[in-house]
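From a predicted model like this one, the values you see are computed outputs, not experimental measurements. The basis for the numbers below is simple: all heavy atoms, side chains too, and nothing from hydrogens, waters or symmetry mates.
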Amino acid sequence: VCSGHPVTIREVADLVARGVGGGRAPEVTGRYRLGDVRHVVASPERARAGLGFAAEVGPEEGLVAFATAPLRASARGTGIY
C-alpha cells in the first residue's frame, strides 16, 4: 500500500543504497528503456476508505529498511516475492 507521497526513482535508489550502507551512489545516465516507469504516484484512499488502513511508515524510513529486511531473504523460493 502506498503512502500517497511522490518519490522519484532517483530518491528510491538513494534510499535503498543508504539502507545497504551507502557505498557508491546510484549512477544516473539520463537514458531510459522502453517500458520504464517515468512518473507514478498512487493514492492510498481506497485502502483508507475500504479497510481503514493508512501507512504509518513513510518512504524515507520504509525504503531504507526495505533494503535489508529479513522478509526479502525468507521469501526467496516461495514464489511470494
Side-chain angles (χ1 to χ4, degrees):
V1 175
C2 66
S3 66
H5 300 285
V7 180
T8 67
I9 296 301
R10 173 60 190 251
E11 290 170 320
V12 170
D14 287 339
L15 291 166
V16 171
R18 185 184 321 155
V20 294
R24 202 174 84 172
E27 181 180 338
V28 177
T29 65
R31 297 183 305 231
Y32 64 92
R33 299 167 297 184
L34 184 63
D36 279 353
V37 174
R38 303 287 295 202
H39 306 281
V40 174
V41 178
S43 171
E45 190 52 40
R46 284 186 69 188
R48 184 177 296 116
L51 304 171
F53 176 85
E56 294 179 4
V57 176
E60 297 80 15
E61 181 184 349
L63 287 167
V64 170
F66 171 78
T68 58
L71 180 60
R72 290 174 53 103
S74 66
R76 292 189 197 285
T78 65
I80 297 174
Y81 61 100

For the pair Glu61 (side chain) and Gly58 (backbone), establish whether a donor and an acceptor sit closer than 3.5 Å, ignoring hydrogens and angles. no

Of the options Leu15, Val57, Asp14, which is the one that meets Leu63 in a side chain to side chain contact (heavy atoms under 4.5 Å, CB included)? Leu15

Quick check: are there more than 12 heavy atoms from other residues, nucleotides or ligands sitting under 6.0 Å from CZ of Arg46? no

For a quick test of reading the model, state the closest non-hydrogen atom pair linking Pro6 to Gly4 and the distance between them. CD-O, 3.7 Å

Where do Val20 and Thr68 land on the side-chain contact (heavy atoms from CB on, under 4.5 Å) test, with the steps shown first? CA-CA 7 Å; Val20 294; Thr68 58; 3.9 Å; yes

Which heavy atom in Thr8 sits nearest to a heavy atom in Glu11, and how many Å separate them? N-OE1, 2.7 Å

Hey, could you give me the OG/CD distance between Ser3 and Glu56, rounded to the nearest 0.5 Å? 13.0 Å

Treat each ILVMFWY residue as a node, draw an edge where side-chain heavy atoms are under 4.5 Å apart, and state whether Val64 and Val16 are in one component. yes

